[in-house]
Structures are given as structure tokens and as C-alpha cells.
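Contents: one structure, followed by commentary.
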Amino acid sequence: MHVRRKALLLLVAPLLVLVAAAYIQWGTVGLPPVSLDPTWSPVTTTEPHGFPAWLRITHYVNLLFLVLLIRSGVQILMDHPRLYWNVHCTPGTEWLRLTPVEVPKDRVWTAKDDARHLSPWIGLPGYRHTVGMARHWHFLSVLFWVGNGLVFVALLFGTGQWKRLVPTSWRILPDAWAIFAHYATFHLPPEPNGFYHYNALQQLAYFGVVFLLAPLAMLTGPSMSPAFTARFAWYPKLPGNRQIGRSLHFLIMCAFLAFVVLHVSMVVFTGFARNMNHIVMGTDSPNPIGLYLGLAGIGAVILLNVFANWMAWRHPRAVQHAAKAIVAPIMRLLLDRPAPRAEFGRGDISPFLWANGKVPTCDEWKTLAGGDFRDYRLKVYGSVEHPVELSLSELRALTKETQITLHHCIQGWSGIAAWGGLPMAELVKLVRPRPGVKAVVFYSFGEGAEGGQFYDSLAIGNALHPQTLLAYEMNDRPLNHLHGAPLRLRVENQLGFKMVKWIQGIEFVEETKSINQGEGGYNEDHEYFGELANI
Ligand SMILES: Nc1nc2c(c(=O)[nH]1)N[C@H]1C(S)=C(S)[C@@H](COP(=O)(O)O)O[C@H]1N2
Ligand SMILES: [Mo]
């Protein structure tokens with residue numbers, strides 16, 4: 001693991017300053033008094049103690065999905081184990097690198113080569129390049145996590161319980177500081193009643209988790225969506241750029257983890273049994289019943305995680321189809337329809353664009369490449385009134401569009417390039433699909449990772465967006481071999497794996513079920529990727 005020293009300093013400096021301040025205060029004027037009459041929270045004295053059932057249930061459900069989210073999220077990260085502040089993902093510029101590999105300069109090193117192994121004890125589902133399955137668990141979990149969070153917040157404000165969470169007086173700050181100064185210098189705040197009452201630091205921490213961390217996690221997620229950011233170009237600029245959004249998403253996860261560790265430690269060290277009765281039973285008693293039930297609840301969280309890993313390895317198709325049934329309709333509703341339109345300037349073009357896929361090795365492509373693709377004919381066929389075969393010069397003679405756009409790979413890396421080519425909408429006009437055509441299938445000269453022809457498909461709606469191009473130029477030059485010569489797809493509201501390189505032919509179809517394994521593309525068939533790739 002490698003962290004840039006500057007980044008590390010920036011991250012830990014605020015904490016060090018706070019701890020240092022606590023020590024200085026202790027050493028000079030002594031620790032600040034802890035107020036035992038918490039004026040920052042009127043509720044502890046006047047309203048009933050104890051957690052209502054809905055609060056205990058949502059607290060548990062939150063834990064359940066948070067664990068799934070973190071484990072699947074870390075797995076997604078390990079597919080491109082580098083974090084950057086720049087949108088280009090230029091090798092060597094990462095601020096955090098979770099791989100020992102320095103990108104070799106003397107040979108092609110694809111982003112997929114760069115994926116790392118992760119123990120299945122940590123990752124969901126673990127091992128190497130399982131980003132497809134990890135994403136299904138991430139998105140399935142996030143729906144329930146957000147849903148549960150909304151129920152929690154609604155009931156919080158509906159019942160008056162919010163008063164225990166939301167600070168209503170600035171008094172909470174000095175009070176929280178007094179508690180912090182005690183902890184930071186390894187002192188326990190005085191507790192005259194023997195039981196640790198709800199303190200200001202605790203309230204501030206809970207408030208921060210519910211009203212800061214959770215919303216930030218939800219807001220940084222969509223900053224990584226090609227569909228969302230291609231429609232609302234300002235959105236990723238809020239944090240700065242797409243990779244800053246991704247880095248923050250990761251740091252928020254770290255903050256959640258740190259909170260969970262501290263929170264659980266405090267529960268254990270300040271009267272475990274009694275605390276567990278509060279959390280689990282909603283009662284105030286030192287008997288061990290809450291503890292036993294709580295541990296059983298944690299056991300259930302572990303079992304669910306074992307089940308999730310097992311499903312991902314034994315029944316990946318079922319998980320993929322569950323995501324298709326639950327996640328895809330929501331994605332289609334919220335993200336898929338708007339036409340992408342974000343454009344960048346010349347100066348934004350990435351100095352280096354990561355590559356994926358195997359350059360074709362078949363004789364047909366090699367022969368064509370040997371002749372600079374002069375003999376290349378794009379075959380467009382299927383359910384169309386006017387099938388065509390087009391040479392590169394014929395393609396160039398048709399309408400040409402250029403665009404400078406941001407590429408989002410499913411693995412997490414991104415990059416900006418200028419693309420020039422024929423809008424798919426023009427090709428559609430030329431070939432005239434028959435009524436009933438729902439999808440366009442792009443077949444490649446290249447093989448997929450496990451052998452067999454690489455291909456993918458687009459719903460006809462996505463093929464018709466103005467930014468959907470058959471690109472024969474990249475950065476004002478003919479497309480090079482690595483990035484898809486002679487022809488590749490650009491579809492800016494989808495992730496990179498939909499953008500077939502080295503296109504051999506295009507087929508218009510009524511459905512994709514009868515093609516190969518029927519999932520809509522090579523990665524969908526072989527790696528269980530979701531067919532819709534808006535995020
Ligand atoms: N034929 C083919 N096309 C492909 C792939 C592949 O493996 N084979 N990989 C896809 C993926 S995952 C990505 S991110 C983009 C990468 O495009 P680039 O190499 O030009 O950056 O190509 C896509 N097109
Ligand atoms: Mo990708």
C-alpha cells in the first residue's frame with residue numbers, strides 16, 4: 001500500500017491538532033470540567049429514556065446493510081486499486097495505491113490486469129476481478145440502506161426523538177470538547193451515577209453520522225455515474241471532479257468504519273450488558289438478555305454475509321437476475337432516459353487513457369490492420385430494411401460528429417478524449433430498422449477474456465442519443481490499435497464495457513436473449529455485469 005505523504009498529512013493533521021490541543025490544555029490549565037447538566041440537550045431530563053422499537057429495528061437494519069455496502073464497496077475499489085484527485089487517472093499520480101504494482105511503461109498493462117485479489121473474508125464476493133457481482137450486492141444493499149435511512153429520519157422527526165440527536169444549542173460544542181479532551185488524554189469523564197450518560201461528544205458523533213456522513217455517501221455515489229454526470233456536468237464539479245467524488249466516497253467509508261470501531265468499543269467498555277439492553281431491548285437493566293440477543297443479531301449479520309458470498313459464487317446468475325429485476329428498473333427510471341450532453345475542452349484531454357480488452361489476434365483483423373483497414377467493410381444487418389456494408393472512406397463520407405467526453409470504466413477509472421465518427425442515429429436512418437427492433441448488437445473482431453467473440457448491445461433508445469458515435473478517430477487521429485481500430489462505439493451515458501472496440505459488424509435485433517448466453521453482452525454473459533450500465 002502506498003499513500004502520498006501530502007495526502008496522509010492532510011487527512012491526519014486535523015486529528016493530530018485536536019489531540020495536541022487537548023494535551024496542551026491538560027498540561028497547562030487542566031482538563032475542562034464536564035457539564036453534568038447537559039444544557040445542550042433538553043431531552044435527557046424531561047423526556048422518557050429508552051429507545052422505541054422502530055429506532056432499535058432501524059439501527060439494526062442499518063448495520064445489516066452497512067456491512068454489505070462496505071464489503072462490496074471495498075471489492076469494487078480493488079478492481080482499480082488506485083485513488084486520484086485528478087480525473088485522468090494517470091499512473092503515478094494516485095494519492096492512494098492499494099497494489100504493489102507500478103504500471104509498466106514498456107508493454108500494454110490493461111486496467112483489468114491491474115485488478116487485485118481480495119480475501120473473501122473482507123470483500124464481497126472476494127478474490128480477483130469480481131466487480132460485477134460486487135456491484136450487484138452494492139446496489140441491492142444501497143436501496144435497502146437508503147430506504148431504511150429515510151424511514152429512520154421520518155420517524156425521528158415524527159416522534160420528537162430528533163431532540164436527542166440534533167443539537168439545539170451551541171453549548172454542545174464546549175461540552176463535546178470537554179469530553180474529547182478527556183478521551184484524547186486517556187481520562188474517563190467523571191460519572192457520579194456510575195452509569196455513562198449520553199454525552200455531548202456522543203450526540204455530536206451520532207448527528208454527524210446521520211446528517212453528514214450518510215448524505216455525503218449518497219451524494220458522492222452519483223458523481224461516479226456516467227449517465228448522471230453526462231446529463232448534469234456541474235454535478236461532479238461540486239467536489240471538483242469525478243475522481244475526487246470517488247476518493248471522497250472511499251474516505252466517507254473510512255469514516256463510517258472508524259465510527260463503528262469507536263462506537264462499538266464504547267458500547268463494550270461502558271457497561272456492555274446494560275448498553276446492549278438499551279440497544280436491543282429498549283430497557284435499562286444489567287441482566288444479560290440484551291447482550292445474548294444482540295450477539296445473536298450480530299451472528300445473523302455474519303450469516304447474511306456468508307450467504308451473500310455463497311450466492312455470488314454458487315448462484316451468480318440468480319444474483320445478476322435479482323439485480324436486473326430490482327435495480328435495473330430504478331436505474332432505467334432515474335438515469336437511462338436523458339440524453340448525455342456533457343462536453344469538455346481541448347485542454348481537458350487526458351495525457352494517458354487506460355485501456356481494456358484484448359487486441360484482436362484473428363487473421364481477418366490482422367490482415368485488415370496490415371492494409372491500414374482499406375479493405376475493412378462494416379457489415380450492418382439484421383432486422384433492417386436496408387442492410388449495408390460500409391468501407392472506412394464511405395463511413396467518413398457520412399455525417400461526422402466530434403465530441404470531447406469523459407470515459408467511465410466499471411472499474412472506477414476515468415479519462416477524457418476527443419472522439420470523431422458517425423452518429424449511430426445517422427446509421428439508423430440509413431438502414432431503417434423494422435418495427436419491433438429493440439436493440440443493437442455490436443460484434444468485435446476481438447475475443448473476450450475467457451475466449452469467444454466479444455460483443456455487447458444497446459437498447460435502441462441509447463443508440464439514438466446524439467452523443468452515441470461509431471468512432472474512427474481518437475484525439476484527432478485515426479483510432480489506434482489499442483483503443484479499437486478501425487471502429488469503436490462511444491455511448492456516453494453508459495460505462496466503458498458497453499463500448500465495443502474493433503467492431504466487425506452491427507446487428508439490429510428484436511431481443512438479445514437468443515444471442516450467446518442471452519444476457520446482452522460478453523461481460524454480462526461471462527462476468528455477470530448488469531446489462532444496463534448507467535452507474
Ligand atoms: N472488443 C472489446 N471492446 C471493449 C472491451 C473489450 O474487452 N473488448 N473492453 C471494454 C471496456 S471494459 C472499456 S473500459 C473500454 C476501454 O476503452 P479504451 O481501451 O479505449 O480505454 O473498452 C471496452 N470495449
Ligand atoms: Mo471497463
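For ligands, and for the atoms within them, numbers begin at 1 and follow the listed sequence. FYI, the numbering just counts along the sequence from 1. Just so you know, these numbers use all the heavy atoms, side chains as well, and skip hydrogens, waters and symmetry mates.
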**Request:** Determine whether the side chains of D79 and Q411 contain a donor N or O and an acceptor N or O closer than 3.5 Å.
**Result:** yes
Distances under 3.5 Å, N/O of ligand 1 against N/O of the protein: list each pair and its distance.
unit_1, atom_1, unit_2, atom_2, d
ligand 1, 1 (N), S444, OG, 3.0
ligand 1, 1 (N), K501, O, 3.3
ligand 1, 3 (N), K501, N, 3.0
ligand 1, 17 (O), R488, NH2, 3.2
ligand 1, 19 (O), N356, N, 3.1
ligand 1, 19 (O), K501, NZ, 2.4
ligand 1, 20 (O), H483, ND1, 2.7
ligand 1, 20 (O), R488, NH1, 2.6
ligand 1, 21 (O), W354, O, 2.6
ligand 1, 24 (N), M499, O, 2.8

**Item:** Main-chain N/O of K6 paired to R4 side chain as donor or acceptor, under 3.5 Å
**Value:** no
**Message:** Tell me whether R434 at atom CZ has more than 12 heavy atoms from other residues, nucleotides or ligands lying less than 6.0 Å away.
**Reply:** yes
**Request:** Using distance alone, with no hydrogens and no angle criterion, decide if E507 and Y443 have a side-chain donor and acceptor under 3.5 Å apart.
**Result:** yes
**Request:** First locate atom CG of L378, then atom CD of E389, and finally report the distance between them rounded to the nearest 0.5 Å.
**Result:** 8.5 Å
**Prompt:** Should we count CZ of F144 as having more than 12 external heavy atoms under 6.0 Å?
**Reply:** no
